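Just so we're clear, the structure is a prediction, and the values are computed from it rather than from any experiment.
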Amino acid sequence: MKALEVARYILTKCNKDGQPISNLQLQKMLYYIQYEFLTNYGKPLFDDDFEAWKFGPVIPAVYYEYSHMGAFRIGADYKDYDKILSEISKDEINTLNDIIVDKRDINAWKLVDNTHKSGKAWDIVFKNGDGIGDVISKELIHENAF
């Protein structure tokens with residue numbers, strides 16, 4: 001599965017629930033989701049890799065898809081947004097939805113702070129800017145995300 005499919009699901013769910021989110025919140029939510037799937041199910045939810053950017057872990061394809069929105073909330077409504085639900089188990093769906101509901105109300109900058117902790121995955125790869133744009137491996141996310 002691609003991160004963009006998951007992003008479309010997240011954005012549409014948030015919009016339908018009357019709580020649209022920004023691109024920055026979306027990026028952090030994807031990171032939490034990937035961590036939970038790696039930890040709880042021993043596999044990633046999506047294939048894309050995160051890169052270490054200034055404001056934390058980023059999936060470039062997702063970032064560029066919504067970058068035109070800046071810091072505004074994304075009012076997306078994809079018709080086929082729920083097709084990913086047929087590709088994952090009921091338990092995985094519950095995990096995905098729980099993270100979305102839990103994280104969408106958290107300020108984007110608080111989410112950034114949570115992913116920037118010293119000695120954790122993003123910090124290890126970012127290296128005070130020397131590793132900007134480098135991939136944060138799924139193994140590192142699993143072992144040391146937060």
Taking the side chain as C-beta and beyond, is there a heavy-atom pair between His116 and Asp123 under 4.5 Å?
no

Checking Lys138 side chain against Asp47 main chain: does a donor-acceptor pair fall under 3.5 Å?
yes

Quick one: CD1 on Ile88 to NZ on Lys90, what's the gap to the nearest 0.5 Å?
11.0 Å

Would you call Ile84 and Leu96 a side-chain contact if the rule is heavy atoms closer than 4.5 Å?
yes

Out of curiosity, Gln25 CD to Cys14 SG, how far, rounded to the nearest 0.5 Å?
8.0 Å

Quick one: are Ile21 and Arg104 in side-chain contact, heavy atoms under 4.5 Å?
yes

Could you give the distance from CG (Leu140) to CD1 (Ile124), rounded to the nearest 0.5 Å?
5.0 Å

Following the transitive rule for hydrophobic clusters with a side-chain heavy-atom cut-off under 4.5 Å over Ile, Leu, Val, Met, Phe, Trp and Tyr, establish whether Ile106 and Trp109 coincide in one cluster.
no

Test item: Leu24 and Leu111 side chains (from C-beta on) under 4.5 Å apart, heavy atoms:
no

Closest heavy-atom pair and its distance - Tyr66, Arg8
OH-CG, 3.7 Å

Examine distances only and state if a side-chain atom of Asp48 and a backbone atom of Ala3 form a donor-acceptor pair shorter than 3.5 Å.
yes

Restricting to non-hydrogen atoms, name the atom on Asp105 and the atom on Gln19 that form the minimum distance, rounded to 0.1 Å.
OD1-NE2, 2.7 Å

Spacing of Ile10 atom CD1 and Leu30 atom CG [to the nearest 0.5 Å]
4.5 Å

For side-chain contact (heavy atoms from CB on, under 4.5 Å), just list the numbers for Thr39 and His142, CA-CA rounded to whole Å, side-chain angles, deciding distance to a tenth of an Å, and then say yes or no.
CA-CA 6 Å; Thr39 301; His142 176 251; 3.8 Å; yes

I'd like to know if Leu38 and Val58 are part of one continuous hydrophobic network [Ile/Leu/Val/Met/Phe/Trp/Tyr, side-chain heavy atoms within less than 4.5 Å].
no

So, do Glu36 and Asp98 sit near enough that their side-chain heavy atoms are less than 4.5 Å apart?
no

Looking only at non-hydrogen atoms, find the nearest pair between Lys13 and Val101 and report the distance.
CE-CG2, 4.3 Å

According to a hydrophobic-cluster definition based on side-chain heavy atoms being under 4.5 Å apart (Ile, Leu, Val, Met, Phe, Trp, Tyr only), do Ile59 and Val112 belong together?
no

Compare all side-chain heavy atoms of Asn15 with those of Pro20 and state whether any distance is below 4.5 angstrom.
yes

Phe146: partners by ring pair (Phe, Tyr, Trp, His ring centres under 6.0 Å), with sequence neighbours left out
Tyr31, Tyr32, Tyr35

Let me check something: do Ile74 and Phe55 share a hydrophobic cluster, defined by ILVMFWY side-chain heavy atoms less than 4.5 Å apart, either directly or through other members?
no

So which heavy atom on Tyr9 is nearest to which on Asp82, and how close?
CD1-CA, 4.1 Å

Could you give the distance from CG (Asn144) to CD (Glu139), rounded to the nearest 0.5 Å?
13.0 Å

Within a 6.0 Å radius of atom OH on Tyr41, are there more than 12 heavy atoms belonging to other residues, nucleotides or ligands?
yes

Quick one, Tyr63 and Gln27 - any side-chain contact, counting heavy atoms below 4.5 Å?
yes

Neighbour count above 12 (heavy atom, 6.0 Å) for Asn128 CG:
no

Looking at every heavy atom in both Leu45 and Met1, which two are closest together, and how far apart are they?
O-CB, 3.6 Å

Taken to the nearest 0.5 Å, the spacing of Asp91 CG from Asn40 CG works out to 8.0 Å

Can you name the nearest heavy-atom pair linking Ala121 to Ile136, along with the distance?
CB-CG2, 3.9 Å

Treating Ile, Leu, Val, Met, Phe, Trp and Tyr as nodes and any side-chain heavy-atom pair under 4.5 angstrom as an edge, say whether Tyr64 and Val135 lie in one connected cluster.
no

Does Gln34 reach the main-chain N or O of Pro44 with its side chain, forming a donor-acceptor pair under 3.5 Å?
no

Using 30° and 60° as the class boundaries, would you call the ring planes of Phe126 and Trp122 parallel, tilted or perpendicular?
parallel

I'd like to know if the side chain of Lys120 reaches the main chain of Ile141, judged simply by a donor and an acceptor atom lying under 3.5 Å from each other, with no hydrogens or angles considered.
no

Between Met69 and Asn23, is a side-chain contact (heavy atoms from CB on, under 4.5 Å) present by the stated rule, with each step listed?
CA-CA 7 Å; Met69 293 297 296; Asn23 195 3; 5.7 Å; no

State, yes or no, whether a side-chain contact exists between Val125 and Phe50 at a heavy-atom distance under 4.5 Å.
no

